[in-house]
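Proteins come first, then strands; the chains are lettered A, B, ... in the order of their sequence lines, and each starts at number 1.
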2 protein chains.
Amino acid sequence: MKPTSPERPENHKPASIYDVAKRAGVSIKTVSRVVNRQSNVSDATREKVMEAVEALSYRPNIFARGLASERSFLIGLLYDNPSAGYIAAMQVGVLTRCREEGYHLIVESLDAANPNLGRQVHSLVTESSLHGVILTPPLCDTQAVIDALNRANCPFVRIAPEKHLPGASDVRIDDFKAAYDMTAYLIGLGHRRIGFIKGHPGHGAAQARFAGYRSALEHAGLPLEEELCVQGFFSYQSGLEAGEKLLTLKNRPTAIFAGNDDMAAAVLACSQRYNLKIPHDLSVAGFDDSLVAQVVSPRLTTCRQPIREMAEAAVSMLIQRTATDAPVERQFEHELVVRESTVPPPGAIG
Amino acid sequence: MKPTSPERPENHKPASIYDVAKRAGVSIKTVSRVVNRQSNVSDATREKVMEAVEALSYRPNIFARGLASERSFLIGLLYDNPSAGYIAAMQVGVLTRCREEGYHLIVESLDAANPNLGRQVHSLVTESSLHGVILTPPLCDTQAVIDALNRANCPFVRIAPEKHLPGASDVRIDDFKAAYDMTAYLIGLGHRRIGFIKGHPGHGAAQARFAGYRSALEHAGLPLEEELCVQGFFSYQSGLEAGEKLLTLKNRPTAIFAGNDDMAAAVLACSQRYNLKIPHDLSVAGFDDSLVAQVVSPRLTTCRQPIREMAEAAVSMLIQRTATDAPVERQFEHELVVRESTVPPPGAIG
DNA sequence: AACGCCGATGACAACGCTGCCATCATAACC
DNA sequence: GGTTATGATGGCAGCGTTGTCATCGGCGTT
């Protein structure tokens with residue numbers, strides 16, 4: 001008696017559905033039913049088959065499956081280099097759900113400015129007949145991508161898109177309200193001159209955040225000052241430049257709210273040059289609660305969005321075909337994370 | 001005359017090889033030959049076929065291909081949550097080469113401690129008969145993964161593995177030398193008491209770096225002091241704890257070399273508590289040149305490894321089957337990146 | 001002129017699975 | 001008891017491609 005079961009072939013050809021069928025003494029069709037959790041299989045048969053599947057470590061071949069049916073068990077994740085942390089978190093969430101459901105993930109990094117974008121997406125989708133695609137910003141607002149997906153009749157879910165599209169499914173937080181909340185928080189601390197660093201103009205959430213900022217000011221009866229609103233592009237570098245502009249104003253703001261953490265971190269770096277102590281001389285707030293927010297000193301007050309949960313939700317929508325049957329918009333809650341980078345303005349009471 | 005060519009069906013069924021064959025007036029087999037760049041096709045025929053392929057935006061179906069041939073055009077990237085920046089850079093490099101070669105990327109995030117690891121990997125590989133797999137640390141040193149891959153007869157390339165395995169292909173930098181160089185640089189600045197924060201014990205590169213540090217000390221005739229070498233785990237949190245230990249020593253080091261940037265950033269944060277000015281009171285060096293290294297203040301002196309290039313090389317090895325035919329070890333050059341976090345020790349001349 | 005060779009091309013099976021339909025036994029109905 | 005519904009199962013075609021082998025013509029050789 002050898003310790004390893006003799007019928008388990010240790011060579012490298014994986015077991016096929018035929019092997020399982022033979023071992024279980026049923027037809028391949030029945031094996032298929034069991035594996036796909038279909039009904040109309042007796043418990044006894046199901047058990048026999050399961051046993052054989054286990055014993056042979058049988059896994060249905062993804063290609064054969066994809067060829068024979070409409071279901072590819074493949075989800076696509078398309079992105080265009082936003083921050084590494086953002087994508088990483090997203091990917092973890094996506095993979096979690098995929099694993100649970102037996103799906104696989106194909107990722108593709110695209111360039112939103114590439115004129116061939118549409119063709120690239122179309123190729124990807126038709127080649128591998130993806131079950132569905134997840135679009136992260138800024139791709140979710142890129143018409144060429146949407147068109148290609150529609151042309152290929154491929155379901156997709158957009159994460160944090162600029163505006164709702166008829167017939168499209170979205171997952172998002174309320175960027176407007178989140179930015180509103182953060183701004184209101186700063187105002188509540190006593191700040192009256194609050195600088196804002198906008199995100200990439202092509203990024204929908206960036207605009208919503210700016211709108212939230214303006215709305216909060218208005219609500220508090222504070223004027224919106226042109227010079228306090230500078231353009232950034234979500235990158236650290238652009239934050240450096242934006243910070244430079246804001247800190248060299250004759251009438252400097254007492255707080256700066258940046259469209260994301262990377263830019264806020266840049267403001268921190270920038271303020272050193274002007275010998276400004278954070279948060280004593282200047283409060284700084286970011287957005288995203290990425291790793292940087294916790295690593296810089298002082299740690300950043302920021303706004304956390306549940307990226308992983310959002311990613312998981314997107315996959316679920318795709319798998320359940322919710323996305324296609326009845327387009328949904330799912331909104332998640334954000335959370336204000338107050339850390340050391342924000343305090344009342346200099347000279348304030350308390 | 002409609003502007004869009006009438007023979008191009010705008011419905012969502014992608015063109016198949018039959019459509020192309022019919023349009024080009026040849027057999028499907030000839031189309032297959034052209035698409036796969038095989039020889040024995042006349043130039044005239046090749047051109048006709050190419051024209052048809054273009055016109056119909058034909059792309060060979062990945063499933064049919066995978067089923068009919070041994071080639072799956074699928075590369076797997078396996079990782080276990082190292083730093084987001086590391087994986088992101090890796091992924092970009094991998095995707096670049098994949099795109100160029102018409103391959104697709106399937107990613108899977110695994111847990112190195114999961115007892116089911118072997119089974120998971122085996123499933124993935126047999127299901128989708130991957131062309132090859134790329135293993136990042138610490139997975140590249142996980143026996144269960146290696147075994148599963150070997151059992152499935154699946155080629156793989158390991159990035160920065162601990163030690164060479166007979167018959168395995170590796171891509172790496174010389175971590176030993178890199179750490180040696182960094183340590184020597186610090187010694188050159190005049191430092192005599194240099195703390196070291198080790199990386200995760202299960203991570204091969206971490207050990208090589210520690211060895212490099214020790215060797216440089218020895219070379220300079222400096223003693224290796226136990227209390228100056230503390231254990232970390234590559235995480236920010238572990239860096240915080242390690243920094244705490246080092247900074248509370250009665251005889252504090254004048255420089256700290258951390259096994260990666262995250263931990264070095266933690267030391268920066270930690271030193272604030274003890275009112276130490278970096279780099280004036282303490283020099284700090286990291287490893288990886290990740291985003292954090294540039295974002296913290298002062299910016300970190302660190303060691304850059306060409307992650308993207310390494311990833312691209314790994315894919316190339318897989319595609320050319322170099323990995324299987326004759327296992328290779330490719331070594332890339334590291335680069336010392338000197339920034340503001342390191343200066344001569346306090347009291348040094350100059 | 002007959003032969004063999006080679007490059008170009010096509011016919012056809014096979015890849016492993018699922019969808020559709022047929023079959024059969026058993027249970028529920030009048 | 002005969003008929004119909006219902007659950008369980010299997011047979012078989014077909015998914016779009018590639019591998020194998022056959023075919024066909026033209027060309028160089030004897």
What one should report as the nearest heavy-atom pair of Ala15(B) and Tyr58(B) is O-CD1, 3.3 Å
Considering only heavy side-chain atoms of Ser32(A), the closest of dG10(D), dT18(D), dT18(C) is dT18(C)
By nearest-heavy-atom nucleotide on DNA chain D, the more 5' of Asn40(A) and Tyr18(B) is Asn40(A)
Of the listed dG10(D), dG16(C), dA11(C), the closest approach to the Lys29(A) side chain comes from dG10(D)
Among dT9(D), dT9(C), dT17(D), the one nearest any side-chain atom of Thr30(B) is dT9(C)
Tyr58(B) OH to dG16(D) P, in whole Å, measures 10 Å
Ignoring hydrogens and angles, answer whether the base of dG19(D) and the side-chain atoms of Arg33(B) contain a donor-acceptor pair closer than 3.5 Å. no
Ring-plane angle category for Phe73(B) and Tyr103(B), please: parallel below 30°, perpendicular beyond 60°, tilted otherwise. tilted
Using a 4.0 Å heavy-atom cut-off across all strands, classify Phe73(B) as base, sugar-phosphate, or nothing.
nothing
Axis-to-axis angle for the helix from dA1(C)-dT30(D) to dC30(C)-dG1(D), ends of five pairs each, to 10°, equals 40°
Of the candidates dC17(C), dC15(C), dG19(C), the side chain of Gln38(A) sits closest to dG19(C)
- Message: For a quick check of understanding: with a heavy-atom distance under 4.0 Å over all strands, which category does Ser39(A) fall into, base, sugar-phosphate or nothing?
- Response: nothing
Among the nucleotides dG10(C), dT18(C), dT17(D), whichever has the atom closest to the side chain of Ile28(A) is dT18(C)
Regarding the side chain of Val41(A), the nearest nucleotide among dT9(D), dT17(D), dA11(C) is dT9(D)
